[in-house]
Amino acid sequence: MSDDPVVLTVRPKENEYAWTFGGAAPVARIAPGTVLDLYTEDCFAGRVRSERDLVSRVCEFPFLNPQTGPFHVEGAEPGDTLAVHFVSIRPARDWAASTTVPLFGALTSTHATATLQPPLPEVVWMWELDRARGTCLFRARESDFEIELPMDPMHGTVGVAPANLEVRSALVPDAHGGNMDTPEMRAGVTCYLGVNVEGALFSLGDGHARQGEGETCGVAVECAMNTVVVVELLKGVATPWPRIESDTHIMSTGSARPLEDAFRISQLDLVRWLERDYGLSELDAYQLVSQAGEAPLANVCDTNYTCVAKIRKEWLPRQGEPHRGLHRHLRERAGQLPEFPA
């Protein structure tokens, strides 16, 4: 990046969101190093605003999970890696919504796991967000219990256009990224995405004020976001599955059904990552990941399930540095950026 990076501010109008990865025209062409100051709408397109607003009444399937983008990144070609560094993720409103959705979620009948039991009813929970204090208030619907939980803002959906001319719904996670729903996608991390088409066509959305691992009911604390990212490009570096790097960990993701295959994909990708960037042999990497790795669930409710494999950097060979040290560089640059208004 240059000393004075280009900043592009995008606040989409209602008809300017993308609903798929692939198949959508870019909203802008950007150079590597561009800072994107973005507004993203919640997964309900802002239509669930009260306990009376049932998704089946106010939303129209398949128009769920609107994405801001896509952005054509100049010079990005298949075989490269797009790096998206999250500078800040801040809720744009003082409220968020969550709900049960019939035939959707981990603890109910679904279209894929069909049973004779009736679907769960639709119930909406409205969450009050205290952005100054960084908390979100849960109020039970059927008792007087309430509790403040700490905010942990994240993006459920981050991705690029898929390979092989595919167009994928923004509800689907896969090798292109998409709706992975991992709480690890928070401010301060860098997400690495393998480029499949010219320009990469990067989009993001699906902000969550917080989310438990697994996203059990299928819906997090859904809210609109003001998000700042820096987009960079690694030429000639392939990334087969989305990866995440924080200051303390490197993480691989896998998305598939059944869940054990998502687990296997993420674990294998982490082993391969240790081979490539840290110089370990295949079996040594396999052993280290087996004994030192962590495996947080991202979601067990989407069309594909997503699992994360992660390991602490302090336990890895000191001579290694993932993705040419790009996360460290972007972290330093992010600290030099001016404050963006919430």
Side-chain angles (χ1 to χ4, degrees), residues 40-59 61 64-65 88-111 113 115-157 171 179-188 205-227 259 294-302 305-308 342:
T40 65
E41 189 49 274
D42 66 37
C43 70
F44 308 119
R47 294 174 182 170
V48 177
R49 293 174 170 264
S50 75
E51 294 176 351
R52 300 181 301 277
D53 293 330
L54 303 184
V55 173
S56 62
R57 297 176 185 171
V58 300
C59 297
F61 188 82
L64 295 166
N65 217 11
S88 62
I89 306 174
R90 298 172 178 171
R93 295 190 284 244
D94 291 326
W95 56 268
S98 190
T99 180
T100 49
V101 178
L103 299 176
F104 182 65
L107 301 183
T108 183
S109 299
T110 69
H111 296 288
T113 306
T115 67
L116 286 172
Q117 62 183 338
L120 290 178
E122 283 187 86
V123 179
V124 174
W125 291 261
M126 298 305 298
W127 290 69
E128 293 180 18
L129 307 183
D130 189 325
R131 292 183 287 179
R133 296 174 55 240
T135 61
C136 40
L137 178 64
F138 168 72
R139 283 198 178 98
R141 288 291 307 269
E142 298 179 4
S143 71
D144 60 0
F145 175 76
E146 63 179 48
I147 188 171
E148 276 190 332
L149 299 176
M151 274 195 216
D152 188 8
M154 52 161 282
H155 273 280
T157 308
L171 296 171
N179 195 29
M180 297 177 285
D181 284 322
T182 171
E184 304 287 356
M185 203 72 73
R186 55 174 62 92
D206 193 24
H208 299 168
R210 68 168 292 117
Q211 178 209 300
E213 291 181 2
E215 198 183 22
T216 308
C217 80
V219 183
V221 182
E222 309 284 344
C223 66
M225 288 291 184
N226 291 315
T227 295
L259 182 59
E294 303 168 54
L297 293 177
N299 90 81
V300 192
C301 53
D302 288 335
Y305 303 151
T306 302
C307 192
V308 174

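Nothing fancy with the numbering, it's 1 onward along the sequence.
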For this session: List the steps, then state whether side-chain contact (heavy atoms from CB on, under 4.5 Å) holds for Met151 with Arg210.
Result: CA-CA 6 Å; Met151 274 195 216; Arg210 68 168 292 117; 5.7 Å; no
For the backbone of [Y] and the side chain of [X], can you confirm whether one donor and one acceptor N or O come within less than 3.5 Å of each other?
X: Arg93; Y: Cys223; result: no
X: Asp302; Y: Tyr305; result: no
X: Gln211; Y: Pro183; result: no
X: Thr100; Y: Pro121; result: yes
X: Arg131; Y: Pro91; result: yes
X: Glu184; Y: Val308; result: no
X: Gln117; Y: Thr108; result: no
X: Asp53; Y: Val48; result: no

For this session: Look up atom SG in Cys136 and atom CG in Asp94, then write down how far apart they are to the nearest 0.5 Å.
Result: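 Here the rounded value is 12.5 Å.
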Problem set entry | Salt-bridge present (Arg57, Glu122; N to O < 4.0 Å) |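 Result for this pair is no, no salt bridge flagged.
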By side-chain contact (heavy atoms from CB on, under 4.5 Å) - contacts of [X] (at least two apart):
X: Pro119; result: Pro102, Leu103
X: Arg133; result: Asp130, Thr135, Glu148
X: Thr99; result: Phe44, Val55, Val101, Val124, Val219

Exercise. Which atom names give the shortest non-hydrogen contact between Ser98 and Cys217, and what distance separates them?
Worked result: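 Looks like OG-SG, 4.4 Å.
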Exercise. Which pair of heavy atoms, one from Ala106 and one from Val300, lies closest together, and at what distance?
Worked result: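 That closest heavy-atom pairing would be CB-O, 3.3 Å.
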For this session: Kindly check if the number of other-residue, nucleotide or ligand heavy atoms within 6.0 Å of CZ (Arg52) is above 12?
Result: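 Open: at most 12 neighbouring heavy atoms sit under 6.0 Å from CZ of Arg52.
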For this session: Could you point out which residue of Asp206, Thr227, Asp181, Thr182 forms a side-chain hydrogen bond (donor to acceptor under 3.5 Å, both in side chains) with His155?
Result: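 By the side-chain hydrogen bond (donor to acceptor under 3.5 Å, both in side chains) criterion, His155 pairs with just one of Asp206, Thr227, Asp181, Thr182: Thr227.
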Problem set entry | With His208, the side chain to side chain contact (heavy atoms under 4.5 Å, CB included) member among Met225, Met154, Met185, Arg186 |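 That would be Met154; it is the only one of Met225, Met154, Met185, Arg186 passing the side chain to side chain contact (heavy atoms under 4.5 Å, CB included) with His208.
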